[in-house]
Undergrad: 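Would you mind keeping the following structure in view while I ask a few things?
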Amino acid sequence: MTAGSISEEEFLASAHNFLKVSADNVDVWQLHKVPGHENLSYLQRKFCQQLKTQKKEENRSVSWECKEMDLEDSNSVTLATTDENDITCDYHVVYSQSYAVPVLYFNMYWKDGSLLSLDEVWSLIPCHYRERFLAERWTFITQQEHPIVHRPYFYLHPCHTSDLMKNIELKDKRNYILSWLSAVGPVVRLELPLSYGLSFDPSD
């Protein structure tokens, strides 16, 4: 096992611990087990974000301004300007056997169930992340079939995850999933409450 990666058993242990702490923090995550596959599970967090958007001529096409955000809470995002919309965000944490790390899959869709396009998802990424990953735009976030639910999902490519976690683990001995999600979640508007960091026992 290379530095920064985890085994499937370690992933499941981390997921159960993370789930317990999420319940303590009233942050609704769920652990889904796949029938017939004892070790095949994934974490899910689903919620709505309120966005103020500028619409083009047709209601389906949307663009967002890049500006600093003033967040009242982790589930409410205000961009700029004229027409308020609710977007449902569905995040899944899935273990990748190929990379031996967790992978963040996600979809975002409007009230009528229509999915946001990759361009629209990219426009929701905070400006400082957008600038950093611009050169890798089409490989950093891409779309593929979800390995468990078998539907198209966006995902953050896991090729750099072990390197990221190798550096984080030197400083942070808390739950692997907590440390990883705290680092990658904000890129796609998934923020964890600060209380998570106070809830984990480093010896767990």
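Here, residue 1 is the first one in the sequence, and each next residue gets the next number.
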Undergrad: Would you call the rings of Y153 and H92 parallel, tilted or perpendicular if under 30° counts as parallel and over 60° as perpendicular?
TA: tilted
Undergrad: Check whether any side-chain heavy atom of L181 lies under 4.5 Å from a side-chain heavy atom of F18, and answer yes or no.
TA: yes
Undergrad: So, D112 versus S114: side-chain donor-acceptor pair below 3.5 Å or not?
TA: yes
Undergrad: As a test of understanding, state which of L43, V187, L190 forms a side-chain contact (heavy atoms from CB on, under 4.5 Å) with L104.
TA: L190
Undergrad: Is it the case that the side chains of N175 and Y196 hold a donor-acceptor pair, with the cut-off being a distance below 3.5 Å and no angle test?
TA: no
Undergrad: Counting only N and O atoms by type, is there a donor-acceptor contact under 3.5 Å from the side chain of N107 to the main-chain atoms of P152?
TA: yes
Undergrad: As an exercise, state the distance from CD1 of I148 to OH of Y105, rounded to the nearest 0.5 Å.
TA: 8.5 Å
Undergrad: With D27 as reference, evaluate R45, K20, K46 under the salt bridge (Lys or Arg N to Asp or Glu O under 4.0 Å) test and give the passing residue.
TA: R45
Undergrad: Please answer whether the main-chain N or O of S5 pairs with a side-chain N or O of T2 as donor and acceptor at a distance below 3.5 Å.
TA: no
Undergrad: Starting at CG of L156, measure out to OH of Y91 and round the result to the nearest 0.5 Å.
TA: 9.5 Å
Undergrad: Roughly how far, to the nearest 0.5 Å, is the CD1 atom of I168 from the OG atom of S179?
TA: 6.5 Å
Undergrad: Report yes if the side chains of I6 and W180 come closer than 4.5 Å at any heavy-atom pair, otherwise no.
TA: no
Undergrad: So do the side chains of Y42 and H32 get within less than 4.5 Å of each other, counting heavy atoms only?
TA: yes
Undergrad: If you define the side chain from C-beta out and look only at heavy atoms, does anything of P102 sit under 4.5 Å from Y176?
TA: yes
Undergrad: Quick one: does L178's side chain get under 4.5 Å of V21's, heavy atoms only?
TA: no
Undergrad: With heavy-atom distances below 4.5 Å as the criterion, would you say the side chains of F11 and V93 are in contact?
TA: yes
Undergrad: Would you say S41's side chain and L31's backbone share a donor-acceptor pair under 3.5 angstrom?
TA: no
Undergrad: For D163, which residues count as a salt bridge (charged side-chain N to carboxylate O under 4.0 Å, His left out) partner, sequence neighbours excluded?
TA: K166
Undergrad: Working to the nearest 0.5 angstrom, can you tell me the gap between L194 CG and S182 OG?
TA: 9.0 Å
